[in-house]
Structures are given as C-alpha cells and as structure tokens.
There are 2 protein chains.
Amino acid sequence: MSDKRKTTRRRRGSEQPTLQQVADAAGVSAITVSRALNTPERVNAETRVKVLATVERLGYVPNLVAGSLASSRSRFIAVIVPSLANAVFIEVIQGLQDTFERQGYQILLGNTDYNIEREYQLIRTFLGWSCSALVTAGLRHSEACRSLLGNWDKPIMEVMELGDALDLNVGLDHHEAGRCMARHLLGQDYRSIVYVGACLDRDYRARMRFEGHREVLQAAGLAAPMIELDQLGSLDAGAAGLEQVLDTCPGAHAIHFANDDLAAGALLRARRLGLTIPGDIAIAGFNGLPLGQHVTPRLTTIRSPREDMGRLAAEEVLKRLDAKRVTRRQHDVGFELLIGGST
Amino acid sequence: MSDKRKTTRRRRGSEQPTLQQVADAAGVSAITVSRALNTPERVNAETRVKVLATVERLGYVPNLVAGSLASSRSRFIAVIVPSLANAVFIEVIQGLQDTFERQGYQILLGNTDYNIEREYQLIRTFLGWSCSALVTAGLRHSEACRSLLGNWDKPIMEVMELGDALDLNVGLDHHEAGRCMARHLLGQDYRSIVYVGACLDRDYRARMRFEGHREVLQAAGLAAPMIELDQLGSLDAGAAGLEQVLDTCPGAHAIHFANDDLAAGALLRARRLGLTIPGDIAIAGFNGLPLGQHVTPRLTTIRSPREDMGRLAAEEVLKRLDAKRVTRRQHDVGFELLIGGST
DNA sequence: CGCTACCATGTTAGCGCTAACATAGTTTTA
DNA sequence: TAAAACTATGTTAGCGCTAACATGGTAGCG
C-alpha cells in the first residue's frame, strides 16, 4: 500500500448517533451503555439513569444489525405460510405475533404461495438473518429444505397438522376431522354424500380430511365421490361447486366441503336458487369461520382453534428459547364439531 | 492485559461456513465471492461458475446481518398496519408483499393494534434494522413518531387515505366515498338514513366517510344520525347494529354502514328476522368484499382497489429506491360504487 | 509505442455492536 | 484479617461482510 495516503477511509453509514457517541456524551464506556439498554439490572441505578437520559437526549436508536452480528442472535422469528388469502393462516399468524411481539421478538413473514421451492428459498434467506426460530405451516418440505434445516440448531415449529415433525409440532388431526364430519353426516341419515375440495394437491390437508371422510363412508358400504375445483377456497368457487354437484350428481343428499368459504358460497348460492337446506341438499364445511354462524341456516362445520394454535406454538418455541424443559414435542389442539341447521 | 495469554479469544457464531471459507476453497479472495453472489456481472464468467459451484458444494448461506452492517443497507421494508383482523389490510399487504418480494425485499410486518404509541415503538425498532423504506397505513402519527421520521432519509409511504403526507402517499378520498354513497342513497329516495360505524376514534377513516355522508345529507336539509358500535367491524357487530337501529330509529329507511362486515352482518340478520331488503330497510356498506356479492340481495357498496393500492405503493417506493425520477408524490387510486339490490 | 481506459481481482479497513476477559473497589466468609 | 466472592465498569478483539482504494493485465488508439 502507498506510504503516506492514510486518508482514513471513512465510511459512516447514516448520521444516526452511535453507542460510542452516547457513551462519550454520558462519560462512560460503550459497553456500559450497551448494558444499560440490554441488561439494566447489571448497571448501577445512578449510572443507568444518566445513560438513559443521554440516550433520550441524543435520540439514539440502537443499530440492531450490528447488535445481531456481534451476538450472532437476532430477535427474529421466521414464519412461513402458504397464503395470506386464507383467513385460517391469518389467525394463526395473529396468535404467533401476539405472543412473540410481547416477548420482544419480531416476525419475519414469508409467503410461499403453496410453492415448495419458494419455501426453500425463503428459509435460506431467513437463515441468513440469524433467526432465533422457524415456524412453518405444514409438514411437507422439499428435500433441499430438509437437509438445510437438518444442520440448523434452533427451534423449528411445524403447525397446522400433526405427524412426523422435524422438531416441535402443534396442530390437529385432519384425518380424524374428516372422519368426524362423515360420521355426523351418516348419523343424519344422508347416504349420497359428495366431498368437494379445491386444489387438493396444494391444500393437502383438505385431502387428508377427504381420506378420513372416505374411510368412514367406505366402512359403511357407501361410495365416496369427490369433486375437485380448480380455484382455491372462495365463495365463488363454492357457488360453482354447488352447481357442479347439482349437474353431475343429481341424487346427492349432502355435500361435505373442504372448508367454510366453499360451503358458505354454496349455501348462499343455494338460497339464491331457491333450494331448501338441508331438505334439498345438506351442506357442511370446515374451519368454523364466523360467517358460517351468520348464514341461515347456520352452517354445520368443524371449528379449529387457530389463534390458540398460533399462541401455543409461540409459547412452546419461547420455552425452548429460554432453555426450559421440553415437556412434549407434539401438541394436539383438537377441534369441535359445530352442528348447525345446514345438515 | 496479561502478557502471554494470547488465547485467541474465539467467538464463532454458528458452524455455518463463511465467505472466507468459500473463498479459500475456491482459491479466490473473499471479495470475489461476494461479487460473484451480489454483482455477478462484475466477475469473469469462468471464475463465477467456479465460485458458485463452491458455494453450492459447501452449502454456504450468506450472513445477511453482516452484509447489512457492512453496507448499511438491509433489504427490509417496514410495513405497519393497525390490524390483521381486517381483510382490507391483508389485501394491501398482499399487494405490497407480491411486489417487494419479487425485487428481493423482505417485509417486516408490524401490527399496532390501533395504538399510536405502539406505532412509535415499532418504527423505532424497524429503523434499528436499517430498513430501506417504510410503508405505513394512514397519515396519523404521534408527535414523537413524526420527529423520528423527520430525520430519516429513506422513502416513507403512507397508504389508505390521501392528505398531507410525510413523503409518498397512495390512497383514496374517504370523505368523497362517504359523499358518494350518501348521494346514491338520496337518489334512491331514502330520506331517513342512519350511519352506523364502529370505534370511529380508532377507525378514523370511517369517520371521514361519515363526515362526507353528513355533508351531503345536511346539504339536502336532512338530519344525519349516527350510531357508534363498540366492537370493530365484524358480522356480529353488524347484526347488533341492525337491531339497535330497529330499536332506536324505528322510522329509518336506510342504513349506511361503515364497512361491508357490518353491512353483511346486518343483512344476514335482517333476513333471519324475516325483514325485506330494501323494502323494510335498505343497507349499504363500504369495501367491496366478495361476501357482499354473494348475499341476497347483493350489497350496495363501494369497492376500493386494495391489492392494487399495495402494488402501486410498492412500485412507487421501488422507483425511489432505484433513484428514479419522482413523478408524483401522491396517487389517488379511486373507488367504484357497486349498486346491488340492497338499496 | 506510449498513453489512457478498462477489466478482473485483490488488500485493507472498517460497519456498530457485544462476548470475553480484566480490573478496581466493596462485602462476605472462614 | 487474608482470601474468596461479588459488584460495577472498562479494555480488547472480533462478528462476517462490503466500500474504497490498489494493482496488474489487456485492449484501444492516435
């Protein structure tokens, strides 16, 4: 390097004051300011007051990027869901956010659009942010993703369904939910029951429910016809689904929809067509959305405790982060059959 | 410091390979690996291939925290909304996320729960992450928040409503939307019109719409009664609102609800009560949610282009980040009156 | 052919913070 | 009363990356 040109290669990022500047202004060392902010109980009360006043006076905002690099811990929690269009995931996120933010963690939200490759990319990026934990919806991941997570030493929480999880798991048994509704429909003496779902390759939990449903019908010696729509859960798709059933299965007594959006769309369309429910056709859903309780007749459905699922998932992750005992890796949050007038 | 104890104070964060390790393995310098990953066009094709193969082989995941510190740029966009329970914000977020993620930006989502003090805290934290830009719902902020943002040199985008913005602004005119619906109702010859809102101090945009509504009614020489519910937009609240109107304003011809959730709740309840719509009571909403088009009769409402609003907001921010010309600071996305059978 | 221009890559010095260890003063313990 | 333990604060050395400048080679040009 050239000899004299010590032009002190300056590179200040922003004009924000730094920890060091606060320390100088307060007449202490940088580490004392750091401690006053992060572990106040380890600083003498008098010093603490002086430092915090200086922080306030200078309008100091801690650079969390630098802090994370130094400590190799960020207070990020990666949360990955397949869609934001579905109220179900929103409610889980609310439960997560509520619990995590209360503890000073920030959620990094990723949306895969039901694309398993996209999930891998998101997880890669999130690992680069030194997240403290990962919460992801579902148990299905790409091979690349599994091997990436295999080398990761932070808590991993898989929510929504139960099964063979990577680490922690909070969810419900979708096969059993499908069986439960099918049993209810049989109990009401419907014999010709159609299952209507949408995009079951992506919404594979709906397929699990169908499998449970089919099991029960077959055990009763009945056929289990299924119709798959090509648009994800929406009122429109449900209305279309109803019409498709009326066209192609004229003798159907009941329709078991994969979710409440579809079921409510069908129910509203049926009423508009002047059909009697459940006389002409019975309708059942899944999720327990509020809408189902406001339509007439009330929708028979299965309520899943979504916000609680998020909350419980977050609590279990927090326990892990606090190095608390791991009591159980798996939690079944269950579900509840809500019987309305629609069946 | 003691003389000999050069115990090389090691502090490796994780076991992840670093840039330097990739560089050594590939036989180049660290900066070349950095360039191969971040500005591949500035590296010879042959070298690039060799480096990327090594990256792949070692399973290297870039430490984004370190990168952000060094460059004092993160690819975070702070997004602050008052609630996730409201579909309106979700759709705006979807528009934002879709556009930003496509450009490699990650959204940091904050939820204020309609608490203006919480907004300040969130913004403080987000500034600490060296966000590239801030998108926030609404123009109302605390004094502390304004002064914090005053010193900030990155793009700030305020969405949802139009007005005196800090920087960029994409939204619609809520006063005008209120006027528009009031004019429609007058045009249908309703004379006794009640406005029903919920928590109008928090949902102040609904209050703006009420003010537009009141202006029009008063100009026509009519009273503009208003009922405020104490539960934010939900079907339940709407049903309760309808009953309150029936009780307290027995001569009402029409109800102008602050949003579609309330309106749909009222409409469904009215039908359950056996009322004729719009004969016994006319009902109007705001938002243009799909549900409004599925109830019978269809709900008269105002559709706001929410996802487009998010998309446009993101595009404007991206233009700024690319140092493109700032054509306009403010964009009115407009709205559309949807006339259904409910009025 | 000497000059500038440019391309590909390297060297050095931080970014702003915290972990790890050090030190001085005070209290407790045997 | 000396040693051990604890309290409050400071010093040093990175965390893993990129900006800024440096260097050597090749091409272009009059």
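In what follows, chains are A, B, ... by sequence order, proteins preceding strands, each numbered from 1. Since the structure is predicted, the reported quantities are computational estimates derived from the model, not experimental observations.
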Exercise. Quick one: B/Q20 CD to D/dC17 C1', roughly how many Å, whole number?
Worked result: 11 Å
For nucleotides 5-7 of chain D, print each protein N/O atom paired with a nucleotide N/O atom at under 3.5 Å, atom names and distance only.
none

Identify each atom pair where a protein N or O and an N or O of nucleotides 25-27 of chain D are less than 3.5 Å apart, giving names and distance.
none

Exercise. Do the side-chain N or O atoms of B/Y60 get closer than 4.0 angstrom to the phosphate oxygens (OP1, OP2) of D/dC17?
Worked result: yes
Exercise. Which nucleotide sits closest to the side chain of B/N63: C/dC17, C/dG10, D/dC17?
Worked result: D/dC17
For this session: Not counting sequence neighbours, list each pair that qualifies as a ring pair (Phe, Tyr, Trp, His ring centres under 6.0 Å) and has a residue in residues 112-138 of chain B.
Result: A/F76-B/W129
Seminar exercise, completed: Within residues 38-55 of chain A, those residues having any heavy atom closer than 4.0 Å to DNA chain C are A/N38
Exercise. Excluding sequence neighbours, so at least two apart, what forms side-chain contact (heavy atoms from CB on, under 4.5 Å) with B/N44?
Worked result: B/E46, B/T47
Exercise. Using the C1' atoms of five pairs at each end, what's the angle between the two axes of the helix from C/dC1-D/dG30 to C/dA30-D/dT1, to 10 degrees?
Worked result: 30°
For this session: Applying side-chain hydrogen bond (donor to acceptor under 3.5 Å, both in side chains), name anything that partners A/Q20, two or more places apart in sequence or on another chain.
Result: A/D24
For this session: Check for a donor-acceptor pair, side chain of A/S71 on one end and backbone N or O of A/G67 on the other, with a separation under 3.5 Å.
Result: yes
Problem set entry | Rounded distance (Å) that lies between atom P of D/dT18 and atom CG of A/L69 | 12 Å
For this session: Mark yes or no for whether B/R320, through its side chain, and B/E315, through its backbone, hold a donor-acceptor pair below 3.5 Å.
Result: no
For this session: Rounded off to whole Å, could you give me the CH2-to-C1' distance for the B/W129 and C/dC15 pair?
Result: 15 Å
Report all interatomic pairs (protein N or O, nucleotide N or O of nucleotides 4-7 of chain C) with separations under 3.5 Å.
none

Exercise. Which listed nucleotide (C/dT11, C/dC17, D/dG10) is nearest to the side chain of A/T32?
Worked result: D/dG10
Seminar exercise, completed: Whole-Å distance, B/I31 CD1 to D/dA20 C1', equals 10 Å
Taking distance alone, no hydrogens or angles, what donor-acceptor pairs closer than 3.5 Å link side-chain atoms of residues 49-60 of chain A to residues at least two apart or in another chain?
| unit_1 | atom_1 | unit_2 | atom_2 | d |
| --- | --- | --- | --- | --- |
| A/T54 | OG1 | A/K50 | O | 2.8 |

Exercise. Which pairs, with at least one residue in residues 89-109 of chain B and sequence neighbours excluded, count as a salt bridge (Lys or Arg N to Asp or Glu O under 4.0 Å)?
Worked result: A/R118-B/E101, B/E91-B/R306, B/D98-B/R102, B/D98-B/R311
Exercise. Is the CD atom of A/E143 crowded by more than 12 outside heavy atoms at less than 6.0 Å?
Worked result: no
Problem set entry | Side-chain N,O (A/R73) to OP1/OP2 (C/dT18) below 4.0 Å | no
Exercise. Does A/S72 reach the main-chain N or O of A/L69 with its side chain, forming a donor-acceptor pair under 3.5 Å?
Worked result: no
For this session: Under 4.0 Å between any heavy atoms, over every strand shown, what does B/V65 touch: base, sugar-phosphate, or nothing? Just pick one.
Result: nothing
Exercise. Would you say a side-chain N or O of B/S34 is under 4.0 Å from OP1 or OP2 of D/dT18?
Worked result: yes
Exercise. Atom CD of B/Q21 to atom C1' of D/dC15: distance rounded to whole Å?
Worked result: 13 Å
Exercise. Would you say B/S68's side chain and B/L64's backbone share a donor-acceptor pair under 3.5 angstrom?
Worked result: yes
Seminar exercise, completed: B/S29 has its side chain closest, among D/dG10, C/dT11, D/dG16, to C/dT11
For this session: Just jot down the side-chain hydrogen bond (donor to acceptor under 3.5 Å, both in side chains) partners of B/Q330, sequence neighbours excluded, or say none.
Result: B/N169
Exercise. Taking the side chain of A/A70 as its heavy atoms from C-beta onward, which of C/dG16, C/dG10, D/dC17 lies nearest to it?
Worked result: C/dG16
Exercise. Between the main-chain N or O of B/N115 and the side-chain N or O of B/D113, is there a donor-acceptor pair closer than 3.5 Å?
Worked result: no
Problem set entry | Whole-Å distance separating the CZ atom of B/R75 from the P atom of D/dC17 | 17 Å
Exercise. Counting only N and O atoms by type, is there a donor-acceptor contact under 3.5 Å from the side chain of B/S83 to the main-chain atoms of B/A85?
Worked result: yes
Seminar exercise, completed: Which of D/dG16, D/dG10, D/dT18 is nearest the side chain of B/S71? It is D/dT18
Exercise. When you measure from the side chain of A/Q106 to the backbone N and O of B/L109, does any donor-acceptor pair fall under 3.5 Å?
Worked result: yes
For this session: Measure from the side-chain heavy atoms of A/L19 and tell me the nearest of D/dC17, C/dT18, D/dT11.
Result: C/dT18
Side-chain atoms of residues 134-142 of chain B: list all donor-acceptor pairs with protein atoms under 3.5 Å, sequence neighbours left out, distances to 0.1 Å.
| unit_1 | atom_1 | unit_2 | atom_2 | d |
| --- | --- | --- | --- | --- |
| B/T136 | OG1 | B/E119 | OE2 | 3.1 |
| B/H141 | ND1 | B/E119 | OE1 | 3.0 |
| B/H141 | ND1 | B/E119 | OE2 | 3.0 |
| B/H141 | NE2 | B/E158 | OE2 | 2.7 |
| B/S142 | OG | B/C145 | N | 3.2 |

Exercise. Are any side-chain N or O atoms of A/S34 and backbone N or O atoms of A/A30, one a donor and one an acceptor, separated by less than 3.5 Å?
Worked result: no
For this session: Give a yes or no on this: more than 12 heavy atoms of other residues, nucleotides or ligands lie within 6.0 Å of atom CZ of B/R42.
Result: no
